[in-house]
Amino acid sequence: MARHSSTGKDGPVVRKDHHIRDRVHPAAGNGTRRRHRQDPGQRPWAMRMAALAWVALLLLATAAAASPGWQWRLSLRPPAGTRAMRLPAAVFVDQERQRYYVADSGNGRLLSFARDGRFLHAFDAGGGLGTPRGLARLADGRWWVLDKATNQLLQIDIKSRSVRRHTVLRDGRPVLPSRLALHRGRLYLLDNRDGAVLELEQGLEVRCAFTPIGGQGAIDFAIAGSTLYTLDRGRPQVTAFALANGQGRTIPLRHPLALPASLAVAQDGSFLVLDRGAGKVAAFSPTGAFRYQMLGRGQGQGRLWFPAVVRLDPWGNMLIVDEGNGRVELYRR
Amino acid sequence: MRMPISWPHILALAGALLLAAPAAAVPATSGCLACHDRAGFEKRYRHQPVARTLCLACHLPHASRYPGLLLRPEPGLCLTCHQQIASALERRHVHSPIRRQGCTPCHAPHAAPRPALLSDRPGRLCRGCHALADQDGRQHFHPPARGQCLACHDPHAAGDPDLLRQTGDGLCLSCHETGRLRKTHPGSGPEPRGCLSCHDPHASPQASLLRRVVHPPLAEGCDTCHEGDTPVPAATCLACHEEIGDEAGKVHTHLTAPPGSNACVQCHSPHAGDTPTMLRAGLERVCAACHPGIPARYQGQESSHALADATCTDCHEAHGSNRLAMLRADGNAICSQCHETQGTFSHPVGEGVADPRTGQPLTCLTCHDPKGSPFPYQLLADPRRDLCIPCHHY
């Protein structure tokens with residue numbers, strides 16, 4: 001672009017080019033063209049700093065709105081040079097021992113990690129775990145492990161090195177368990193056949209079934225206090241059941257989800273929903289109002305690839321079992 | 001302040017008025033038809049703006065950013081006047097030509113020998129895309145399928161994915177008397193249900209428009225599977241299809257159903273079908289019923305597998321799989337079954353090559369998104385830089 005210089009009546013050199021000419025104020029009619037924009041070199045440094053501060057504030061506000069406060073902390077995975085996890089499917093948090101246990105379903109083993117993410121042990125019961133897709137530790141140290149290959153529950157006593165297999169029956173037919181949880185010493189199973197959550201007696205008889213209302217059945221469940229929450233696999237909705245009497249109410253989640261896969265319930269009753277299809281975690285208020293979503297599909301840090309489970313631990317961390325990336329990611333506020 | 005009015009002002013104003021007037025009021029005929037053949041606009045039925053020679057109602061005379069010098073792209077331009085259609089298009093399923101191209105695939109924009117400016121007879125017009133009724137040796141035809149497609153289908157939009165005017169059996173029963181049906185369907189209850197489960201609504205090589213493939217137990221009688229009015233459980237299906245039952249032991253399985261339903265009939269018709277697998281609809285539609293976001297991911301992408309003739313089950317297992325995303329094989333084997341060259345000559349992949357970010361084996365899917373992407377070759381990121389940098393830190 002051609003540039004010309006001239007000396008104005010009331011100032012130093014005024015640069016004229018097409019760009020600046022377009023912006024000439026029409027009221028400048030005394031024969032002298034007044035510049036609409038100051039030369040950046042003449043802008044006081046305080047003004048520039050203020051502008052920078054505003055931009056920084058704006059960026060911070062945007063980041064906060066996108067994922068309010070959740071920061072990646074660490075990945076649970078075996079040390080480099082050892083066998084990587086394959087299709088991890090579940091995580092169990094042992095508050096008493098301050099450990100994380102992960103079901104490494106593709107390798108047929110359970111892995112333990114310290115609270116600081118340090119790898120501790122791997123356990124495969126001599127190849128007897130099959131395809132572990134769920135796990136929970138009883139107060140007496142025995143384990144319940146869900147073997148998807150046989151759709152059985154394994155009761156493992158590590159001290160006595162014994163593994164006992166159980167098939168849970170419901171209406172005379174074997175249950176197809178896909179998720180497992182312990183609450184106040186009682187075992188809960190998600191029956192993949194129809195998406196009902198089963199509460200089991202000590203002898204593994206089905207005590208009662210929580211069937212989601214008006215949906216496609218549950219894809220995951222979470223228990224908080226005296227309420228059992230199920231996440232519907234077809235519709236964006238949560239059903240909250242009172243554990244005492246089985247009374248349920250639906251809570252629509254007011255945000256589209258590609259493929260909801262897992263649910264975590266915070267202490268304030270708000271929900272974190274893992275969207276396996278989108279590789280995101282969406283947060284909802286206790287009434288289902290959308291708050292924010294974060295993360296996305298990919299392999300890098302902070303990215304998810306076919307994630308399977310989201311959980312909250314008692315220390316305020318969010319854990320995401322990332323099946324495709326073979327790791328469990330920890331995020332902290 | 002007084003503004004002096006001088007002759008130059010008056011002349012300039014008059015000139016401006018003269019220049020502006022033709023676009024607003026003068027009919028465009030004299031200008032447009034000097035070049036555009038009048039015969040094309042003089043058929044029996046004429047579009048209202050054409051009849052009134054208001055070419056500029058739809059076209060710009062000099063330049064436009066849209067083909068045909070249109071004021072706006074289709075269908076938006078048409079819907080400015082045809083507001084009844086605009087409200088119909090708010091229904092869930094819109095006829096795909098309208099979504100993709102607008103109104104002119106079916107309607108002539110200027111004049112046509114048929115009402116509604118249809119460019120051909122309704123039946124023949126539909127068969128231009130839906131060539132089904134006279135194929136594959138079908139001898140028996142549903143009378144409306146001989147050109148009266150609009151008796152059952154809404155050509156613009158509907159709540160039903162097949163654009164049916166009514167969903168369920170109500171549409172069939174609006175012509176077929178319940179009393180007569182009860183005689184031919186003993187044991188079907190007070191009102192026969194699920195007509196399309198056994199009958200092809202268009203044509204069939206079999207009498208009564210029965211679908212091509214009939215489930216063998218149906219020939220032996222309803223009570224082979226049914227016990228009274230109770231829904232048939234999946235266990236009944238799996239008693240014969242034992243090999244499918246084994247899929248319930250896979251890490252990822254489709255053997256799931258809403259409470260009180262049968263998992264098998266979510267995808268398969270229990271009575272009859274058009275293919276040996278007796279799917280309820282075309283494969284992609286069956287899959288998209290539960291995975292609606294997947295087609296959306298590859299439609300309109302720069303590069304997409306949908307452009308090739310791949311179907312879901314070319315890569316994914318239908319019932320169960322121990323692999324991620326229910327793949328039929330690992331991410332390299334599944335791709336190289338078609339992409340043979342890349343299967344033998346490519347970036348190192350396989351069990352011995354770990355992704356430094358995750359420790360997982362590198363596969364084709366580490367860099368490609370087979371559903372589609374905005375980058376060439378369905379790459380996950382820009383191949384000039386962003387794709388490689390996450391692993392190759394320089």
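In what follows, chains are A, B, ... by sequence order, proteins preceding strands, each numbered from 1.
- Contact record, Leu365(B) with Trp305(A): O-CZ2, 4.0 Å, taken as the closest heavy-atom pair.
- Taking both residues in full, the closest heavy atoms of Asp355(B) and Gln299(A) are given as OD2-CG, 4.0 Å, listed atom of the first, atom of the second, then distance.
- Heavy-atom contacts from other residues, nucleotides or ligands closer than 6.0 Å to CZ of Arg100(B) number 12 or fewer.
- At a 4.5 Å heavy-atom cutoff, the contact between Asn151(A) and chain B is made by side-chain atoms alone.
- In this structure, Ala84(A) and Gly359(B) approach most closely via the heavy-atom pair CB-O, 3.6 Å.
- At most 12 non-hydrogen atoms from other residues, nucleotides or ligands lie less than 6.0 angstrom from CD of Glu227(B).
- Contact between Gly326(A) and Gln360(B) at its shortest, heavy atoms only, is CA-NE2, 3.4 Å.
- Here the CD-OG1 distance, from Gln301(A) to Thr358(B), works out to 13.0 Å after rounding to the nearest 0.5 Å.
- For the set Gly293(B), Ala325(B), Ala381(B), the entry with the most heavy-atom pairs within less than 4.5 Å of chain A is Ala325(B).
- For chain A, the nearby part of Pro233(B) is the side chain; its heavy atoms alone come within less than 4.5 Å.
- For the set Gly324(A), Gly195(A), Ala258(A), Gly300(A), the count of heavy-atom pairs under 4.5 angstrom toward chain B peaks at Gly324(A).
- Within a 6.0 Å sphere centred on CZ of Phe119(A), heavy atoms belonging to other residues, nucleotides or ligands number more than 12.
- Contacts with chain B were tallied for Thr131(A), Leu87(A), Asp232(A); Leu87(A) has the most, counting heavy-atom pairs under 4.5 Å.
- Of the two parts of Arg303(A), neither the backbone nor the side chain holds a non-hydrogen atom closer than 4.5 Å to a non-hydrogen atom of chain B.
- Contact annotation for Asp369(B): only side-chain heavy atoms (C-beta onward) come within less than 4.5 Å of a heavy atom of chain A.
- Smallest separation of non-hydrogen atoms from Arg86(A) and Pro361(B): NH2-CG, 3.2 Å.
- The 12-atom threshold is not exceeded at CZ of Arg249(A), counting heavy atoms of other residues, nucleotides or ligands nearer than 6.0 Å.
- Residues Leu380(B) and Arg297(A) have side chains not in contact (no heavy-atom distance under 4.5 Å, counting atoms from C-beta outward).
- The 12-atom threshold is exceeded at CZ of Arg91(B), counting heavy atoms of other residues, nucleotides or ligands nearer than 6.0 Å.
- In terms of heavy-atom pairs under 4.5 angstrom with chain A, the leader among Ala248(B), Ser261(B), Pro390(B) is Ala248(B).
- Around CZ of Arg164(A), the count of heavy atoms belonging to other residues, nucleotides or ligands within 6.0 Å does not exceed 12.
- The shortest side-chain heavy-atom distance between Arg233(A) and Cys290(B) does not fall under the 4.5 Å cut-off.
- The contact list for residues 251-260 of chain B toward chain A, using heavy atoms and a distance under 4.5 Å, reads Val251(B), His252(B), Thr253(B), Leu255(B), Thr256(B), Ala257(B), Pro258(B), Pro259(B) by residue number.
- Contact annotation for Arg327(A): only side-chain heavy atoms (C-beta onward) come within less than 4.5 Å of a heavy atom of chain B.
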